[in-house]
Amino acid sequence: LKVCLVERNEVGHGVTSRTTAKLTFLQEIIYQQIGNLDKAKLYFESQKEAIKIVEDIIEKENIKCNYEKVDSYLFALDSKDKVLKEKGILESFGVKVKEIDKLPNNKEVKYGISVSNTAVFHPLKYLMGLKTAIEDKVDVYENTKVVDIRREDEYYLCRANEHIIKTKKIVLALHYPYFLLPYMMPLKCHLEKSYIAAFKDENHHFSAINADKDTISIRYHQDDKQSYQLYLNGSHNIAFKNDEKGDPLVTSEGLAA
């Protein structure tokens, strides 16, 4: 196939550059939220396959992106019920799950579980390496905004920066699903903001997320000189709260560290 990638801004410089960057199938309580066990297992298998694909690309293309295999943890500070339920679902998928009462950095929790075969990495370094690996196979157009897509016979005509891209197939890789009517997003869809702090710390070689209402996400990053803990806390709907000045969420216990 002759392929081109069209990016409105610069590759990777949106939310990808502002995440905790974990490669894990342990994602809060996603499997019990899906509800249907067969569909939950399909989702689990897709996440395992996605991790393997990234691992294979990193190895094949020799991408230096701080990739590190670590265990993932799911923990609760209040009730253990949700974590217990997630543990049961994972075990039904054949996953080996360990029970814990504290994280590897000695933070005590009400209840927690851990799984292996997960990882952390540097997403921007990975994407820049991927971009280099495909440069002789794929045309990449950055700072190019597609403003209109029209169907003409068996082709799609995509208008971008006063140019037309003519193609038989389109993949929309977006954060929000698009509908036939412009600007219509799902009624349950809303924007959230979280706060991530980085501070020098010993690398405890794990990633973690909690199952409670206020999300806490932890991981470690190791560069050539220093190790850091990345700590995310304080997610909220920006429709109701969007003033960071003096925001108590920014100076919460975890972030104050």
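For clarity, every value in this text was computed on a predicted model and none was experimentally measured.
Residues Ile165 and Val6 come closest through the heavy atom pair CD1-CG2, 3.5 Å. Between Phe75 and Val83, the shortest heavy-atom contact is C-CG2, 4.0 Å. Between Ile216 and Asn210, the shortest heavy-atom distance links the atoms N-OD1, 2.7 Å. Of all heavy-atom pairs between Thr20 and Ser217, the closest is OG1-OG, 3.6 Å. The two residues Glu108 and Leu77 have their closest heavy-atom pair at O-CD2, 4.1 Å. Taking all atoms of both residues into account, the shortest heavy-atom contact from Ala208 to Lys22 is O-NZ, 2.7 Å.
With hydrophobic clusters built from ILVMFWY side chains whose heavy atoms lie under 4.5 angstrom apart, Phe93 shares a cluster with Leu26. Residues Val109 and Val97 are members of separate hydrophobic clusters, defined by side-chain heavy-atom contacts under 4.5 angstrom among Ile, Leu, Val, Met, Phe, Trp and Tyr. Ile53 and Ile51 fall within the same hydrophobic cluster, defined by Ile, Leu, Val, Met, Phe, Trp and Tyr side-chain heavy atoms under 4.5 Å apart, directly or through other members. Grouping the Ile, Leu, Val, Met, Phe, Trp and Tyr side chains by contacts below 4.5 angstrom, directly or via other members, places Val140 apart from Leu124. Following chains of ILVMFWY side-chain contacts shorter than 4.5 Å, one cannot reach Val120 starting from Ile218, and the two form parts of different hydrophobic clusters.
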> Yes or no on side chain to side chain contact (heavy atoms under 4.5 Å, CB included) for Gln32 and Ile89, after CA distance, side-chain angles and deciding distance?
Replying inline: CA-CA 8 Å; Gln32 56 194 274; Ile89 296 172; 3.8 Å; yes
>> Go through it in stages, so that I can follow the logic: the residues are Leu90 and Ile113, the test is side chain to side chain contact (heavy atoms under 4.5 Å, CB included), and I'd like the CA-CA distance, side-chain angles, deciding distance and then a yes or no.
In response: CA-CA 11 Å; Leu90 286 166; Ile113 59 174; 4.1 Å; yes
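Between Glu55 and Lys69, some side-chain heavy-atom pair lies under the 4.5 Å cut-off. Counting heavy atoms from C-beta outward, Lys168 and Glu154 have side chains that approach closer than 4.5 Å. Using a 4.5 Å cut-off on side-chain heavy atoms (C-beta onward), Glu68 and Asn203 make contact. Side chains of Ile209 and Leu74 form a contact here, defined as non-hydrogen atoms less than 4.5 Å apart. Between Phe44 and Ile30, the closest side-chain pair of non-hydrogen atoms is not below 4.5 Å. Side-chain atoms of Met128 and Val11, non-hydrogen and from C-beta on, do get closer than 4.5 Å to each other. Taking the side chain as every heavy atom from C-beta outward, Asn66 and Lys125 approach each other to under 4.5 Å.
Atom NZ of Lys137 has more than 12 neighbouring heavy atoms from other residues, nucleotides or ligands inside a 6.0 Å radius. Within a 6.0 Å radius of CD in Glu59, other residues, nucleotides and ligands contribute 12 heavy atoms or fewer. At most 12 non-hydrogen atoms from other residues, nucleotides or ligands lie less than 6.0 angstrom from CD of Glu162. In Glu49, the CD atom is not crowded: 12 or fewer heavy atoms of neighbouring residues, nucleotides or ligands sit closer than 6.0 Å.
Residues meeting the salt bridge (charged side-chain N to carboxylate O under 4.0 Å, His left out) test with Arg150, sequence neighbours left out: Asp148. Residues that satisfy the salt bridge (charged side-chain N to carboxylate O under 4.0 Å, His left out) test with Asp56, not counting sequence neighbours, are Lys52. By the ring-ring contact (aromatic ring centres under 6.0 Å, His included) test, Tyr155 pairs with no residue at all, sequence neighbours left out.
When atom types are taken as modelled, the side chain of Gln47 and the backbone of Leu23 share no donor-acceptor pair closer than 3.5 angstrom. Judged by distance alone, with hydrogens and angles left aside, the side-chain atoms of Thr144 form a donor-acceptor pair with the main-chain N or O of Glu142 at under 3.5 Å. Side chain of Asp212 to backbone of Asp214: no donor-acceptor contact under 3.5 angstrom is found. At least one donor-acceptor pair closer than 3.5 Å links the side chain of Asn161 to the backbone N or O of Asn143. When atom types are taken as modelled, the side chain of Asn233 and the backbone of Thr215 share a donor-acceptor pair closer than 3.5 angstrom. The main-chain N or O of Gly14 is found under 3.5 Å from a side-chain atom of Ser17 such that the two form a donor-acceptor pair.
One finds no salt bridge joining Glu7 and Lys131 here, because no Lys/Arg side-chain nitrogen approaches an Asp/Glu carboxylate oxygen to under 4.0 Å. Salt-bridge formation is not detected for the pair Lys82/Glu86: no Lys NZ or Arg NE/NH1/NH2 atom is positioned less than 4.0 Å from an Asp or Glu carboxylate oxygen. Of the charged side-chain nitrogens involved, none lies within less than 4.0 Å of a carboxylate oxygen, so that Lys166 and Glu152 do not count as a salt-bridged pair.
Using cut-offs of 30° and 60° on the angle between ring planes, the pair His221 and His122 is perpendicular.
Within the structure, ring-ring contact (aromatic ring centres under 6.0 Å, His included) contacts touching residues 128-148 (residues at least two apart or in different chains) do not occur. Evaluation of the side-chain hydrogen bond (donor to acceptor under 3.5 Å, both in side chains) test over residues 33-46, restricted to residues two or more places apart or in two chains, returns Gln27-Tyr43. For the side-chain hydrogen bond (donor to acceptor under 3.5 Å, both in side chains) condition, the pairs that include at least one residue of residues 109-118, sequence neighbours left out, are Ser72-Thr118, Glu99-Tyr111.
If you take CG on Asp101 and NZ on Lys107, they are separated by 13.0 Å, rounding to the nearest 0.5 Å. To the nearest 0.5 Å, the span separating CD1 on Ile58 from CZ on Phe121 amounts to 6.5 Å. Separating the CG atom in Leu103 from the NE2 atom in His204 is a distance of 10.0 Å, to the nearest 0.5 Å. Note that the OH atom of Tyr126 and the CD1 atom of Ile63 stand 6.0 Å from one another [nearest 0.5 Å]. With rounding to the nearest 0.5 angstrom, the OG1 atom of Thr16 is 6.0 Å from the CG atom of Leu127. Distance check: Ser194 OG to Arg18 CZ gives 13.0 Å after rounding to the nearest 0.5 Å.
Both the sub-6.0 Å distance and the 45° axial angle are satisfied by Arg151 relative to the ring of Tyr156.
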